[in-house]
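Each chain gets a letter, A, B and so on, in the order its sequence line appears, and its residues count up from 1. The shown structure was predicted, so the numbers you read here are calculated from the model rather than taken from an experiment.
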Amino acid sequence: MRVLIVDRCIQSTIDISNYLSDSNIELDFAYHGISALELIIKNEYDILILDACITKLDALSLSKKLRQQLFSSMPIIVLSKQTELAFKVQCFEAGVDDVVAKPCAPQELYHRILAMAKRGPLRGIGQQKIADLSVDYNAATITRGTRKIKLHQMQMKIIKVLAQHYPNTVSREVLEQEIWSGVLPDSSPLRTHIYRLRQNIKNQLDRDIISTVYAKGYKIA
DNA sequence: GCTCCCGGAATTATCATCGG
DNA sequence: CCGATGATAATTCCGGGAGC
């Protein structure tokens, strides 16, 4: 198991490293948010541990970036001296899985890492799990069970926007804005692309994953 | 020249609303 | 409640452009 610890306090990282030296956990360290992000993109980690006070890219921004832009499902634990509810809520809204009060005993951290690791297999960057579907943005594929569908560029854009808003409904206007980046085509080819996407998915998965919410938009069912 | 992908447009189907 | 009507969505076909 590979864990990335991001903390600007070198002594903290030394303490954790010493405690975990006998475990089968491979540790990497970063001392600010930007270098953490670079490591995450370059390597694959099973768990990310973030100190709330990291610099350059703060813990909440880094978490949001991982969830919303890189579609990473990697478990994130935040260590923080702030333990009030409002801060915790902010963390969870940013995509953090667990908030641990500092100072935190290395033993407690070790067991939290083990607990997180039990949740499931590693999921890399560019992949998102939605219901029983797995969306791979790098390979432009959707996988359900053993069935994998290759999507066209436009179909992938539609899925991406719907996935970003899952489980909410996305209006046609938002879809068009995000797909064509504000430069909308003269007519509305969105209908055509939605239809083709549905046909593509139906043919491969034997079911439709896009549902229409009349006069509201579309969502992933 | 052929194929694939995309946008445009027409037609058909479905849904929501309103009045009797 | 039910039918008429308008709004919205689904389906289908066609043509253009890019890539091979």
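Atom pair Ile210(A):CD1 and dA9(C):P shows a separation of 14 Å (rounding to whole Å applied). Taking atom CG of Leu190(A) as the reference point, atom C1' of dT11(C) lies 14 Å away to the nearest angstrom. Computed from coordinates, the Met156(A) CE to dC6(B) C1' distance equals 18 Å when rounded to whole Å. Distance NE2 (His193(A)) to C1' (dA10(C)): 15 Å, rounded to an integer number of Å. Rounded to whole Å, atom P of dT14(B) lies 15 Å from atom OH of Tyr218(A). Rounded to whole Å, the distance from CE on Met154(A) to P on dC6(B) is 5 Å. Going from atom CG of Leu175(A) over to atom C1' of dA9(C) covers 14 Å, rounded to whole Å. For the pair Leu197(A) CG and dA10(C) P, the computed distance is 12 Å after rounding to whole Å.
Counting heavy atoms from C-beta on, the side chains of Ile5(A) and Phe29(A) come closer than 4.5 Å. In this structure the side chain of Ile159(A) reaches within 4.5 angstrom of the side chain of Ile209(A), judged on heavy atoms.
In the displayed structure, Lys102(A) atom NZ is contacted under 6.0 Å by more than 12 heavy atoms of other residues, nucleotides or ligands.
In terms of modelled atom types and a separation under 3.5 Å, the side chain of Asp97(A) and the main chain of Ile77(A) share no donor-acceptor contact.
Under a 4.5 Å side-chain heavy-atom criterion applied to ILVMFWY residues, the cluster that includes Leu60(A) comprises that residue alone.
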Per-nucleotide protein contact along nucleotides 12-20 of chain C, 5' to 3', at a 4.0 Å heavy-atom cut-off (B base, S sugar-phosphate only, - neither), is BBB------
Arg8(A) and Asp51(A): salt bridge (Lys or Arg N to Asp or Glu O under 4.0 Å), yes or no, with the steps? CA-CA 8 Å; Arg8(A) 64 177 178 174; Asp51(A) 185 271; 5.5 Å; no
